[in-house]
Asks: 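Following this message is one structure expressed as structure tokens.
A, B, ... follow the sequence lines: proteins, then strands. Residue 1 opens every chain.
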Number of protein chains: 2
Amino acid sequence: MRSVEPEAQAADRTARARIRDAAIDRFAVEGFGTSVRTIAADAGVSPGLVMHHFRSKDGLRAECDQYLLATIRRLKRENVRIAAAGQTFFQRFASAEENAPVLGYVLRSMQDGGPLAREFIAHMVDDAVGYAREGVAAGALVPSRDEAARARYLTLSSLGALLLEMTLDPPSDPRDLAGIVRRYLATSYLPMLELFTEGYLTSRRVLDEYLLHLPDTEGS
Amino acid sequence: MRSVEPEAQAADRTARARIRDAAIDRFAVEGFGTSVRTIAADAGVSPGLVMHHFRSKDGLRAECDQYLLATIRRLKRENVRIAAAGQTFFQRFASAEENAPVLGYVLRSMQDGGPLAREFIAHMVDDAVGYAREGVAAGALVPSRDEAARARYLTLSSLGALLLEMTLDPPSDPRDLAGIVRRYLATSYLPMLELFTEGYLTSRRVLDEYLLHLPDTEGS
DNA sequence: TAGTCTGCTGAACATGCGTTCAGTCGAACC
DNA sequence: GGTTCGACTGAACGCATGTTCAGCAGACTA
């Protein structure tokens, strides 16, 4: 009888919600290695209470994942319309102060490889497929031979680059996701746009050759 | 007086080298959280000896980093010529059996964000700049307004995507880097080639607008 | 008032970690 | 042979962690 209750809509009164929020924040800022004691202290609570409400640290994380997933779904329902290029998604996502811990948590999750990360990526890829379809229909985007593969590739490379950049030199303030994304785009937006509008290779040779050899489809 | 000696050229006789190699392998396969005891057991040695040779676990890792960096420089000196597109680099790198732990270690290092990762990325970006220059000169590659930024972007997004893919669903055999890269390219090579030769956006509008607003050059 | 139940505490436990250290072994030197 | 020195062992230390548990306080019910 300890499933996720619909408590704490707006006020973070209950200790349970306080613990959950503290955990999300700590996990986002310093990773999942954060100790239960630290989270408890943040929430102004004893370590024992954490185990009382969630059965274990993994239980805590599971509930955080679940809560974040619900939050993300809600945010996405609000932000139905996104520019065709799809990159401003980050800007919008990170700019809202409320969302900062959410994105931070998701990025940590990606570094860690949990199920939340898989789910989140799947959502983003689905979205990207949708935007690509609209973009192609509107004539704004070049069609692909495999829209799903392209959407996945674009999503993974964008997120992967951002993640890698963050890991290589971590931001001074891990909470300022907007600043992080801004810093990332400051150096990456130009080459990205160049690549998207002018391409990289001058000849079709490599692509055509690959397409010829393609029928030997090997596995998934 | 405990700097890196030029010992153990070919034979892994000395316990010191055995520990180092075991550490590299464990670090590559299961990350830097591996315990000293496990590494010692792999090398058929007591935990104490690890501390005797390297002063601490960090000392061990530092020496691994240094050793890997030297190895990478050597490998690169051998592989001077790489295709213009630059992606086959992984294939070549990963295909050599000898290099598998090297790439694995480097990838782990990137997940972790150590100085080795920074150095390695810097090398790759430098290389990419060189290849791009050659490619542009030969007319095979579209020139960029900022070759350094493009090289960095392409490197980070390729590596980031590979890393993210690996984190999201880890390979059954983390040692089989060639298989991992093959699996990655199986789904990503087509969209990558499409993007490189046909682009993504049909209109120059977004790029041109960005270029107009650019003169407020912020940073490098 | 007595009983009970729930949120909650904080000391204690068990475990695994990096690290230390007293001491053994064997070879090299005088 | 005696001495010294470096490689090496393995038990032990100190610490941080996740987790447990006996018990407390206060608000309900009867």
Asks: Would you indicate, yes or no, if dG7(C) has its OP1 or OP2 atom less than 4.0 angstrom from a side-chain nitrogen or oxygen of His52(A)?
Replies: yes
Asks: Which nucleotide in the list dG18(D), dC8(C), dT19(C) gets nearest to the side chain of Ala15(A)?
Replies: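 When the side chain of Ala15(A) is considered, dC8(C) is the closest of dG18(D), dC8(C), dT19(C).
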Asks: Run the salt-bridge test on Glu119(A) and Arg73(A) with the 4.0 Å N-O cut-off and return the result as yes or no.
Replies: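 Judged by the 4.0 Å cut-off on N to carboxylate O distance, Glu119(A) and Arg73(A) do form a salt bridge.
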Asks: Of the nucleotides dC8(D), dT19(C), dG7(C), which has the atom closest to the Leu49(A) side chain?
Replies: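 For the Leu49(A) side chain, the nearest candidate turns out to be dG7(C).
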Asks: Got a salt bridge between Arg152(B) and Asp126(B), using NZ or NE/NH1/NH2 to carboxylate O under 4.0 Å?
Replies: no
Asks: dT20(C) C1' sits how many Å from Arg55(B) CZ, rounded?
Replies: 13 Å
Asks: Would Arg26(B) and Asp42(B) pass as an ion pair if we require N to O under 4.0 Å?
Replies: yes
Asks: Hey, is the side chain of His53(B) poking within less than 4.0 Å of OP1 or OP2 on dC8(D), counting only N and O atoms?
Replies: yes
Asks: Between Arg55(A) and Glu63(A), is there a side-chain N and carboxylate O pair less than 4.0 Å apart?
Replies: no
Asks: Whole angstrom is fine here: how far is it from CZ in Phe54(B) over to P in dT20(C)?
Replies: 15 Å
Asks: Grab the CZ-P distance between Arg61(A) and dG18(D) for me, whole Å please.
Replies: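 Taking atom P of dG18(D) as the reference, CZ of Arg61(A) is at 13 Å.
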Asks: Mind calculating the distance between CZ (Arg18(A)) and P (dG7(C)) to the nearest angstrom?
Replies: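 Result: 14 Å.
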Asks: As a check on the pairing definition, encode DNA chain C in dot-bracket form, counting Watson-Crick and G-U wobble pairs whose two distances are under 3.5 Å, and using | for partners outside this strand.
Replies: ||||||||||||||||||||||||||||||
Asks: Taking the side chain of Ser56(B) as its heavy atoms from C-beta onward, which of dT19(C), dT9(C), dC8(D) lies nearest to it?
Replies: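 In terms of side-chain proximity for Ser56(B), the closest of dT19(C), dT9(C), dC8(D) is dT19(C).
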Asks: Using a 4.0 Å heavy-atom cut-off, does Thr38(A) contact any base of the nucleic acid, only the sugar-phosphate backbone, or nothing at all?
Replies: nothing
Asks: How many Å lie between CE on Met51(B) and P on dG14(D), as a whole number?
Replies: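 Between P of dG14(D) and CE of Met51(B): 17 Å.
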Asks: Round to a whole Å and report the spacing from CD1 of Ile39(A) to C1' of dA16(D).
Replies: 15 Å
Asks: Given dC8(C), dG18(C), dT9(D), which nucleotide is nearest the side-chain atoms of Val36(B)?
Replies: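 Given the options dC8(C), dG18(C), dT9(D), the side chain of Val36(B) is closest to dG18(C).
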Asks: Check this for me: does the side-chain of Arg37(B) come within 3.5 Å of the base of dG16(C) through a donor and an acceptor?
Replies: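 Such a pair does not exist between side chain and base.
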Asks: In whole Å, what is the span from the CG atom of Asp58(B) to the P atom of dT19(C)?
Replies: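 About 7 Å, once rounded to whole Å.
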Asks: Atom CZ of Phe32(B) and atom P of dG18(C): how far apart are they, to the nearest Å?
Replies: 14 Å
Asks: Rounded at 0.5 Å granularity, tell me how far OG in Ser158(B) sits from OH in Tyr153(A).
Replies: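 Ser158(B) atom OG to Tyr153(A) atom OH measures 5.5 Å (nearest 0.5 Å).
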Asks: Roughly how far apart are Asp21(B) CG and Tyr67(B) OH, rounded to 0.5 Å?
Replies: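 The CG atom of Asp21(B) sits 5.5 Å away from the OH atom of Tyr67(B).
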Asks: Do Tyr105(B) and Asp65(B) meet the criterion of a side-chain donor-acceptor pair at a distance under 3.5 Å?
Replies: yes
